[in-house]
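Since the model is a prediction, treat every value here as computed from it, not as a measurement.
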Protein chains: 2
Amino acid sequence: MELDETDREILRILQSDARTPFSEIARRIDMSSATVHDRVGRMEDAGVIEGYHAKIDPRSVGLGTSAFVGLRIEQGREDDALDRLREIEGVQEIHLTTGEWDVMLRLTVEDTDALREVMFEEVSRIKGFSRSQTMVVLATDLEEAALSI
Amino acid sequence: MELDETDREILRILQSDARTPFSEIARRIDMSSATVHDRVGRMEDAGVIEGYHAKIDPRSVGLGTSAFVGLRIEQGREDDALDRLREIEGVQEIHLTTGEWDVMLRLTVEDTDALREVMFEEVSRIKGFSRSQTMVVLATDLEEAALSI
DNA sequence: CATGAAAGAATGAGCAG
DNA sequence: CTGCTCATTCTTTCATG
């Protein structure tokens, strides 16, 4: 889908506050709210807008510990191993990467004890990984939700 | 702030669709929309809800390449180096971690050429980093926006 | 936590350039 | 083809019990 500057402006607004009323967006971009409605609908249908999500402070809901986990995967076992990773609670992201690791996980769990449990009782038990490294997040200095559109 | 089961239910709904009308949330949790309004307001004020963001497909806006970058930082140079990282366009996340790397970046850029440019023209020029490794994301198998509340 | 009322917003049809 | 107007319905918001 082709996006013009008006679409991009709408995306910027919805990225920074997804609950902005269409009428308010319309005011800011100087168009009618019906037009905003149309354009947003088209971008949703085209998959440009994948969804709208509240960002919750993890600590407030008892998820105070986060980590990156690099994994080396044995040839031929990729699919099954990934399927099993996907089912582990706390596994927030799974990326396939070049470089030192084949798979990079992002974990979000209660505390370091829960992290140990996920790693030793769940991840380590999956066949197909030959090596792993856990990088515990000590602090997050920047976490920008918005893309530079 | 103390969250009860009703608050958590509201959070789950807003995590999965931040544009769900309060009136609809009210129907689902069997309370009045005024109560939902109150509770959401209190969670916003308390910082439990940090914001509402549209999730945009990066490819649709020409940001097709993503990478993790591990960095080793020299003692005493932390603050200045982080300040300069924060200003680089394409740096989406900055985490301080234990393990092989002191800093883990998440980059989102146009293509591999833009990635090379960010790494060689921007990141590499910052004093204070002794070593780096770039892990290009080949595919993202799972990217769960919602926490398991 | 609910009710009720006023203001505001979403939504879709039909129309104009 | 794109955006607007207009009318209906639904939602937000807040004062009050």
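- Between A:Arg27 and the phosphate of C:dA9, there is a side-chain N or O to OP1/OP2 separation shorter than 4.0 Å.
- Side chains of B:Arg77 and B:Ile126 form no contact here, defined as non-hydrogen atoms less than 4.5 Å apart.
- For the pair A:Met1 CE and D:dT2 C1', the interatomic distance rounds to 12 Å; values are reported in whole Å.
- The phosphate of D:dT13 (OP1 or OP2) has a side-chain N or O of B:His37 nearer than 4.0 angstrom.
- Smallest separation of non-hydrogen atoms from B:Glu89 and A:Ser148: OE2-CB, 3.6 Å.
- Between the CG atom of A:Asp38 and the P atom of C:dA13 there is a distance of 11 Å, given to the nearest Å.
- D:dC14 atom C1' lies 18 Å from atom CZ of B:Arg39, rounded to whole Å.
- For the side chain to side chain contact (heavy atoms under 4.5 Å, CB included) with A:Val40, the qualifying choice from A:Ile10, A:Val48, A:Asp7 is A:Ile10, the only one to do so.
- Atom CG of A:Asp4 and atom P of D:dC1 are 15 Å apart (whole Å).
- Separating the CD atom of B:Glu44 from the C1' atom of D:dT13 is a distance of 13 Å, rounded to the nearest angstrom.
- Of the side-chain N and O atoms in A:Arg19, one or more sit less than 4.0 angstrom from OP1 or OP2 of D:dT12.
- Phosphate proximity of C:dA10 to A:Ser23: present, with a side-chain N or O under 4.0 Å from OP1 or OP2.
- Considering only side-chain N and O atoms, A:Ser33 lies nowhere under 4.0 angstrom from the phosphate OP1 or OP2 of C:dA10.
- Between the CG atom of A:Asp30 and the C1' atom of D:dC4 there is a distance of 13 Å, rounded to whole Å.
- Comparing D:dT11, C:dA2, D:dG3 by their closest approach to the side chain of B:Pro21 singles out D:dT11.
- Atom C1' of nucleotide D:dT5 and atom CE of A:Met31 are separated by 16 Å, given to the nearest angstrom.
- Open room surrounds CG on A:Asp79; 12 or fewer heavy atoms of other groups in view lie less than 6.0 Å from it.
- Contact detail for A:Leu105 and A:Leu85: the closest heavy-atom pair is CD2-CD1, 3.8 Å.
- A straight line from CZ of B:Arg42 to P of D:dT13 spans 15 Å, rounded to a whole angstrom.
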